[in-house]
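To start, the structure under review is shown below, and the notes come after it.
Reminder, nothing fancy here: chain letters follow the sequence lines and each chain counts from 1.
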2 protein chains.
Amino acid sequence: MDARGEPHRTPASLAHRVPDLGALELLLAVARLGSLGGAARELGITQPAASSRIRSMERQLGVALVDRSPRGSRLTDAGALVTDWARRIVEAAEAFDAGAQALRDRRDSRLRVAASMTIAEYLLPGWLLALRAARPDTAVSLHAGNSAAVAERLLSDDADLGFVEGLAVPTGLDSVVIAHDHLIVVTAPDHPWARRRRPLAADELAATPLILREKGSGTRQVLDAALGGLARPLIELSSTTAVKAAAVSGAGPAVLSELAVGEELSLRRLVSVPLSEVSLARDLRAVWPTGHRPTGPARELLSLTRG
Amino acid sequence: MDARGEPHRTPASLAHRVPDLGALELLLAVARLGSLGGAARELGITQPAASSRIRSMERQLGVALVDRSPRGSRLTDAGALVTDWARRIVEAAEAFDAGAQALRDRRDSRLRVAASMTIAEYLLPGWLLALRAARPDTAVSLHAGNSAAVAERLLSDDADLGFVEGLAVPTGLDSVVIAHDHLIVVTAPDHPWARRRRPLAADELAATPLILREKGSGTRQVLDAALGGLARPLIELSSTTAVKAAAVSGAGPAVLSELAVGEELSLRRLVSVPLSEVSLARDLRAVWPTGHRPTGPARELLSLTRG
DNA sequence: ATGAGGGCATAACCTGTCTTTATGAGCAGC
DNA sequence: GCTGCTCATAAAGACAGGTTATGCCCTCAT
């Protein structure tokens, strides 16, 4: 323990300051049902367990969350706020769970989906969650890979529906555009480009070394096409996350899907640089073997993706 | 165990299917550092603990996450995907933590913020996270209430900076617009309005009983002003969450801030109904006592909110 | 080649948290 | 005043996750 009240240097990781998922779920149930015992029943635990768990959560957070009365429990003001923040965590966990479940069901599932990385990372969990709500008994399996791998799985009948983000639709597949994505140029907030008001022109972008995904990635293909194959790499990294991390740390400007940097932009860890003359839009498409129009669960999933 | 492979009726709550936060943080550290032992050191645990924890996470998910080799550990394809989903949970947990910490520091903090509910729920955690990144040593306290309560706190010097979402700026306060919010009409996907292509007119909206926040709430004020005080309540509920839940369950159309329903819209649990002739825009403003321009941390927080 | 070092696995043991069961007490409505 | 709902407290057991102590494998440099 620190003897004097100085701030800890090792701030006891998040897991020690944030209640675990079970406690958060319990809190949501209490908020919804207005009763500790009721929430306990819903989660299949006993009332004392629920009471003690909520109490220890209040101790951990240092804030009273519920007003307990002999005829029920209501949230305090702070409790209502905490509950809303907790809901965010639980929703992220639900998306995680939907994805993990699809990943686990390696074979013999009723709906087999193949998707390229960006879509699998950022969009599919939400869709799977919605699909599960609409068709709880449909088991879904997911395989992630690049466009070519998706096409191969579809053509060898190892997948029922695919999602790709490339420029061209692989031959032998039919497709429909389900969304549009834009690549954007981002920098750390202290980079000179971050303060720039005048849009960046294509030749400026092409002349500047950038943090990029490796050649062959969907992102890189679109950028090279837009600049005429001229993009100069400062570093080449093999995952979106690595590119983001490098950009945040100030290594230089990076080119990324807007899907990947929503959080970073809103927290201003990264700043978007305006572009002119360059269209870095790309279509996100659902694909299937020519002729085999999606039916059943595949059709349902497809309809969920077009909002 | 179920004897036959029927789906469980009690699907062992989320917490049993999603690894806990500590495990997810560990996985992120392994992904970043490429080594179990390194990740263990970073989190202040021993290498066997990290190894066992990752292993039990793989058992829980039924998917191999890392390739362990005598010269380090790399993520598998599935592991990369899982790691990205895990990052979402951890980010939500960081926002939760930032908010909770602000809620805990009831007094004597360097920066005291008062905010109305919608802002406190949906925007502040992200800002606090960014502020913590920029100024790690600034202790922030947060108090949530309606516009009048925010004004009172500022004027009695119980808060340094406020955020309100009403139509008018309380007297005695200066303000700056930091963002715009729109109220939108939403319904469950199976409601007749969900398929509507023709925009809804003001009189139609005013003629229809709606699920609303109680009179006096910021949301209700804006709606009543836009419709000339004519909104007909179907039910009045005292929290955004309750309104959302009622709308999702199909009770009828609801009017809510677009900030509150992002997730529901993208998962199509709710559908937005187009409006015409009605402007339900409202400004989100930062406020402070007239004359006392924000300085120091308050100024910094303010600058973070204007993206 | 060979020794040093980094990286992972296994085993035995400890501890804290969460759980259940059992019981008591406050408030409402008939 | 009884019945039924609520929540609180106490004692005891189960289990997950942590630690220390080893050992094996691979790579790199001497």
Side-chain angles (χ1 to χ4, degrees), chain A residues 1 10-62 64-76 79 86 93, chain B residues 1 10 12-62 64-76 79 86 90 93:
Chain A
M1 298 287 161
T10 304
S13 67
L14 260 193
H16 295 133
R17 287 175 308 182
V18 176
D20 65 46
L21 274 173
L24 299 179
E25 278 189 283
L26 177 61
L27 179 62
L28 295 188
V30 171
R32 184 155 33 81
L33 301 173
S35 143
L36 289 183
R41 273 192 300 281
E42 180 169 281
L43 299 190
I45 62 178
T46 60
Q47 172 268 321
S51 176
S52 125
R53 213 151 179 207
I54 294 283
R55 193 173 291 288
S56 74
M57 181 163 39
E58 288 177 316
R59 192 158 29 81
Q60 180 181 23
L61 298 178
L65 299 175
V66 303
D67 265 339
R68 300 120 184 274
S69 88
R71 59 189 189 290
S73 296
R74 292 216 62 69
L75 294 178
T76 61
Chain B
M1 298 283 166
T10 304
S13 66
L14 261 191
H16 296 136
R17 287 176 306 183
V18 177
D20 65 44
L21 275 172
L24 299 178
E25 280 190 282
L26 176 61
L27 179 62
L28 296 187
V30 171
R32 185 156 32 81
L33 301 173
S35 141
L36 288 184
R41 273 193 299 282
E42 179 170 282
L43 299 191
I45 62 177
T46 60
Q47 172 268 318
S51 176
S52 122
R53 206 139 187 219
I54 294 282
R55 192 173 293 287
S56 73
M57 180 161 42
E58 289 176 316
R59 193 159 26 82
Q60 180 181 23
L61 297 179
L65 299 175
V66 304
D67 264 338
R68 300 120 185 277
S69 87
R71 59 189 190 292
S73 296
R74 291 217 62 70
L75 294 179
T76 61
V90 171

How many Å lie between CZ on A:R55 and P on D:dT6, as a whole number?
17 Å

Nearest heavy-atom approach of B:A93 to A:V18 is O-CG2, 3.7 Å

Rounded off to whole Å, could you give me the CZ-to-C1' distance for the A:R68 and C:dA25 pair?
16 Å

Roughly, in whole Å, what's the span from CD1 in A:I54 to C1' in D:dA8?
14 Å

Distances under 3.5 Å between nitrogen or oxygen atoms of protein and nucleotides 12-14 of chain D:
none

All N/O donor-acceptor pairs, side-chain side in residues 25-38 of chain B, below 3.5 Å, sequence neighbours left out:
| unit_1 | atom_1 | unit_2 | atom_2 | d |
| --- | --- | --- | --- | --- |
| B:E25 | OE1 | A:A15 | N | 3.2 |
| B:R32 | NH1 | B:E42 | OE1 | 3.4 |
| B:R32 | NH1 | B:E42 | OE2 | 3.4 |
| B:R32 | NH2 | B:E42 | OE2 | 2.9 |
| B:S35 | OG | B:G37 | N | 3.3 |
| B:S35 | OG | B:G38 | N | 2.8 |

Pairs: protein N or O with nucleotides 15-20 of chain D N or O, under 3.5 Å:
| unit_1 | atom_1 | unit_2 | atom_2 | d |
| --- | --- | --- | --- | --- |
| D:dG18 | OP1 | B:R53 | NH1 | 3.3 |
| D:dT19 | OP2 | B:T46 | N | 2.9 |
| D:dT19 | OP2 | B:T46 | OG1 | 2.8 |

Could you state the atom-to-atom distance from CZ of B:R74 to C1' of C:dG6 in whole Å?
16 Å

Could you state the atom-to-atom distance from CG of A:L43 to P of C:dT20 in whole Å?
11 Å

How close do A:P19 and A:L61 get, heavy atom to heavy atom, and via which atoms?
CD-CD2, 4.1 Å

B:R41 side chain: which of C:dC8, C:dG7, D:dC7 is closest?
C:dG7

With side chains defined as the heavy atoms from C-beta onward, is the minimum distance between B:Q47 and B:S51 less than 4.5 Å?
yes

Could you tell me which residues satisfy side chain to side chain contact (heavy atoms under 4.5 Å, CB included) with A:A40, sequence neighbours excluded, listed by chain and number?
A:I45, A:A50

Exercise answer: donor-acceptor pairs, residues 65-72 of chain A side-chain atoms, under 3.5 Å, sequence neighbours excluded:
| unit_1 | atom_1 | unit_2 | atom_2 | d |
| --- | --- | --- | --- | --- |
| A:R68 | NH2 | A:E58 | OE1 | 3.2 |
| A:S69 | OG | A:R71 | N | 3.1 |
| A:S69 | OG | A:G72 | O | 3.1 |

So if I take every side-chain heavy atom of B:S51 and compare against D:dC26, C:dA9, D:dA8, which nucleotide ends up nearest?
C:dA9

I need the CZ-P distance between B:R71 and D:dT27, as an integer number of Å.
6 Å

Under 4.0 Å between a side-chain N/O of A:S69 and OP1 or OP2 of D:dC7, yes or no?
no

Between residues 22-36 of chain A and DNA chain D, which residues have a heavy-atom gap below 4.0 Å?
A:S35, A:L36

